[in-house]
Amino acid sequence: MVETLVQNIVFGLLLGALYGLAAVGLSLVFGVTKFLNVAHGELLMLGGYVSFWLFNLYHVDPFVSLPLAALALVVVGIVLYSLLFSRTVKMDEEQKVQTTMLIGFGVSLILQNLAQRLWTADDRSITTAYSRMSWTLFDIRFPIVRVVSMVVALLLVIALQQFLQRSYFGKAIRATVEDWEEATIIGIDTHRVYLVAFVIGAAFAGVAGALVSVGYSIVPSMGLEWTLVCLVVMTLGGLGSIIGTFVGGLILGVAQALTAFAVGGAYRQVVGLLLFLVVLAVRPQGLFGVKEG
Amino acid sequence: MNRRDIAFVVSALIIAAALAVVPSITVKESVINLLVLVYIYVMMASSWNIIGGIAGQVNLGHAAFFGLGSLVSRILWTKGWPLSVSMILGALVPVAFALIIGAPSFKLRGVYFAIGTLAMAQILFITTRNLFPMISSLPTEALATYSLAPRYYVALGMTLLTVLVVFWLSRSRWGLGMVAVREEANAAESLGVSALQHKLLALCLSAFFAGLAGGVFAYYSAGYYLFFPFFPTWTFDAVMATYIGGTGTVIGPIIGAVFYVLVKEILALRFVELHPFIFGTLFILVVLFLPGGMIQIWSRLRRLFRRAAPAPSEEKAMSESDMVHDRPAVE
Amino acid sequence: MLNVEHINVGYKDLQVLWDVSFQVNQGELVALIGPNGAGKTTTLKAIMGLRRPWSGTIYFEGQNLCKVPAHKTAELGIAMVPEGGRVFTGLTVLENLELGAFAPHARKHMAQTLEEMYQLFPRLEERKFQRAGTLSGGERQMLAIARALMSRPKLLMLDEPSFGLAPLLVDRIFAKIKEINQAGMTILLVEQNVRAALELAHRSYVIQNGRIVGMGTSEELLSFEFVRSAYLG
């Protein structure tokens, strides 16, 4: 009994890392550009299919193809930004958030149906030679694929955090978030900053999706659920904090696992949404809500 | 009521009367079925428009109202309650739900309201899917006597009711208050318009007619999964139809819904699943470049032909001019 | 060096500047003085490209600024110190200064300029790892000026450097401005604090209700009612 519980928590953490990774992408985009890209879940789905496709057609190992999934989403991100989202840059914040949300819904509808036509509505998953292997520690199973995925997610999140803190362009991004007008005055091209943030966010979604396609399964209609997961995690983690968002992902993963353990798997999704509503009602700025400039 | 208002009501009645004779001149069930679908979409879009368009609060949980309405109506009705009572209760339960969620959710700013309502609707969707995983079929004796005509008339009648109430609302002090809340919440508050009251009323009316649409769906359908009306697609369809037609106007959602269903059906016949691309693209284009929707095209054309009349500024969205200022100044 | 010619600027349908013209020559310290809401900040924003004029042109060293994207203005050699010592409060003092050298030509000399700035404002070096949000008002103003100078500009524009500061601090800031000008920097100073500005400037323009209503040396301008009341009052 205790072992099953611990096992559930472990699985929750492993999945939660992917929630964190995906949500960090959405959170970066929202934090920098104030675009609420609700097609984020569909970007993740695309990343999953890129990886699945490379594996099935060319037998590329899914962990080797991660950069390609990221690259594909960088291209998608550039197209979406320059074609659609860039047109909302000059709106005031509230209107921008709402307009981008509506655009996002249109985009998600299109991408979802595109995926259905290209890859059918079936569940897909990558099965490699090592898919079934796992480490065992005190009778608790640690599937290799999922553990490696978690490590990848953690590394990427730390890399992003370091990029924002240390690199010159990262500082420019933070400066733009704080005051875009001032940033323009000192010569920062805010359009480029927005584009870079948007593209990094898309790439994170792509990698997360690729990892989902290895450790779990993907389906064209998965976008909405993942977008909601990201929004929940983003709110749990507090906007603007990268590490906080990742921790929020872990929390949601565990909460879902515990719910599935206690009331049944059917209600996994509900717990996150309920948490979300509670957090919104109590603390609109999120659980770890240190509001960073 | 001024002359234009009377003209609107009279033409609505004439169109409804014309549509009422359809079942007696065609025996094609597909035509009747298509029209019932159109009516349900008109009700969904028009009801969404009350909170989303007129009061300007983007509610992404509309499917919850539709779902609750159909669930309550269907269960009561199949248990032997009179249809009318079932449908009325089916419309009132969503209103109660709206009252419960309304006050806390309106504390959320802008987009959090949208996501919050979406989250609530998803919770209801998942829960009903778990609690009622079965298909609700009519009993055999009811199926044997199943007839489309009464369902058609109920759908048509309810649609007419919805449209007329929305029209009345748009011309009333309450409707103007809602527009004021949408345009400038703070200013409206200082003018003595209670933002919360207006939003709450808008949400309740929206829930009522969406629930009524759910009742129509429950009465119309021979068999369906009870959780089917909770699918988020119902929300997104209503939102898209409203925007494409012209959000915030009375006619926009109607045109949008008719267009939406008809194009979807035509495309379904020829190109299978092409409609999501088309509507997705159209929706994005409208949001970005034509915030007044198809109605705006019409008003621009009209303005082009009537250059003599002093036209309001081109920049103003149609929603505003059609809703509030489009009355003749003297009448 | 800077020639503003007949610009009309506004927001949506509200016109703020009406036919504004003035010029700043190499090495000069020119003040643009006027009461609150006269359009001083809008003038600077128009020069920076943050607000496009409806008509008229702005030339900087012969180049038409109206055709330059806002973020390229710094590259051409114009730096602006925003009103009230606006700095990036979430970033450290050092990070603020580093970002000041964002323009390519300035980035090459970043280390050297940084040294110069620490010499000019020793306070900033003491606090370089502190978040800018923790600085006092006067220190922020110094940081804002230093950040602007980090781009090694040819023209420095200051928007109300005296804003919100105690008189003693104002004197100190203005002394620094004078020092910077005497080292060869061309300066356009926008001020509400007429007395302090007139003492400093070689020439001044008076702006009221979005129009330039007077121009001259400090003595000449004393004939203006607005200037006199502000100066004496």
Side-chain angles (χ1 to χ4, degrees), chain A residues 30 34 36 38-39 80 83-88 91 93-114 116-117 121 221 224-225 227-228 230-232 234-235 263-282 284-285, chain B residues 52 56-58 60-61 101 103-105 107-131 133 185 227 231-233 235-237 239-240 242-244 247 271-289 291:
Chain A
F30 186 71
K34 296 291 169 222
L36 188 64
V38 290
L80 287 181
L83 218 59
L84 302 174
F85 287 90
S86 61
R87 290 171 206 282
T88 67
M91 297 178 176
E93 189 177 319
E94 201 157 328
Q95 197 195 357
K96 196 201 287 188
V97 175
Q98 182 160 325
T99 309
T100 50
M101 180 181 76
L102 293 173
I103 293 174
F105 275 113
V107 171
S108 67
L109 188 74
I110 294 171
L111 291 182
Q112 190 183 324
N113 282 275
L114 190 73
Q116 241 164 49
R117 311 207 89 200
S221 59
L224 179 63
E225 188 188 333
T227 296
L228 282 171
C230 291
L231 289 170
V232 170
M234 206 167 101
T235 319
V263 244
Y267 290 96
R268 299 177 61 92
Q269 269 193 67
V270 172
V271 65
L273 299 171
L274 280 176
L275 266 177
F276 175 67
L277 293 178
V278 170
V279 171
L280 276 190
V282 184
Q285 72 271 44
Chain B
Q57 310 298 310
V58 174
L60 293 181
I101 64 163
S105 62
K107 286 213 184 91
L108 304 177
R109 251 185 350 118
V111 69
Y112 281 116
F113 174 76
I115 309 167
T117 47
L118 177 59
M120 275 184 254
Q122 285 300 96
I123 291 174
L124 268 187
F125 168 52
I126 295 164
T127 312
T128 45
R129 192 174 56 185
N130 293 327
L131 296 180
F227 62 83
F231 257 100
T233 321
T235 302
F236 301 148
D237 283 353
V239 174
M240 280 195 286
T242 307
Y243 268 89
I244 290 172
T247 174
F271 311 99
V272 211
E273 290 291 300
L274 205 60
H275 67 272
F277 295 104
I278 295 186
F279 288 121
T281 312
L282 209 56
F283 175 63
I284 293 172
L285 289 178
V286 165
V287 167
L288 276 178
F289 303 113

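Just so it is clear: chains get the letters A, B, ... in the order the sequence lines come, proteins before strands, and each one is counted from 1.
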> What closest approach, in Å, do A/Leu277 and B/Ala119 show between heavy atoms, and which atom pair accounts for it?
Replying inline: CD2-CB, 4.2 Å
>> Which residues pass the side-chain contact (heavy atoms from CB on, under 4.5 Å) test with A/Glu225, not counting sequence neighbours?
In response: A/Gln269
> Which value, rounded to the nearest 0.5 Å, describes the distance between A/Tyr267 atom OH and B/Asn130 atom CG?
Replying inline: 4.5 Å
> Can you tell me how far CZ of B/Phe113 sits from CG of A/Leu280, rounded to the nearest 0.5 angstrom?
Replying inline: 12.5 Å
> Could you state the interatomic distance from CD1 (A/Ile103) to CG (B/Leu288), rounded to the nearest 0.5 Å?
Replying inline: 4.0 Å
> Side chain, backbone, both or neither: which part of B/Phe289 has a non-hydrogen atom closer than 4.5 Å to chain A?
Replying inline: side chain
> How about A/Asn113 and B/His275: do any of their side-chain heavy atoms sit closer than 4.5 Å?
Replying inline: no
> Looking at side-chain heavy atoms only, is the closest gap between A/Thr235 and B/Ile115 below 4.5 Å?
Replying inline: no
> Going from CZ on B/Phe231 to CG on A/Leu224, what distance comes out if it is rounded to the nearest 0.5 angstrom?
Replying inline: 10.5 Å
> Which answer fits B/Phe283, side chain, backbone, both or neither, if we ask what part of it has an atom under 4.5 Å from a heavy atom of chain A?
Replying inline: side chain
> Do the ring centers of A/Phe105 and B/Phe236 come within less than 6.0 Å of each other?
Replying inline: yes
> Is there a side-chain contact between A/Leu231 and B/Leu118 (heavy atoms, below 4.5 Å)?
Replying inline: no
> What residue, out of A/Val38, A/Leu114, A/Leu36, has the most heavy-atom pairs lying under 4.5 Å from chain B?
Replying inline: A/Leu114
>> Under 4.5 Å from any heavy atom of chain A, what part of B/Thr127 do you find: side chain, backbone, both or neither?
In response: both
> Under a 4.5 Å heavy-atom cutoff, which of A/Ile110, A/Thr227, A/Leu109, A/Thr88 has the most pairs with chain B?
Replying inline: A/Ile110
> Which of the residues B/Ile123, B/Leu282, B/Val58, B/Thr281 is involved in the greatest number of heavy-atom pairs with chain A at under 4.5 angstrom?
Replying inline: B/Ile123
> Considering only heavy atoms, which portion of B/Leu60 lies under 4.5 Å from any heavy atom of chain A: side chain, backbone, both, or neither?
Replying inline: side chain
>> Within this structure, what is the CE-CZ distance for the pair B/Met120 and A/Phe276, rounded to the nearest 0.5 Å?
In response: 9.0 Å
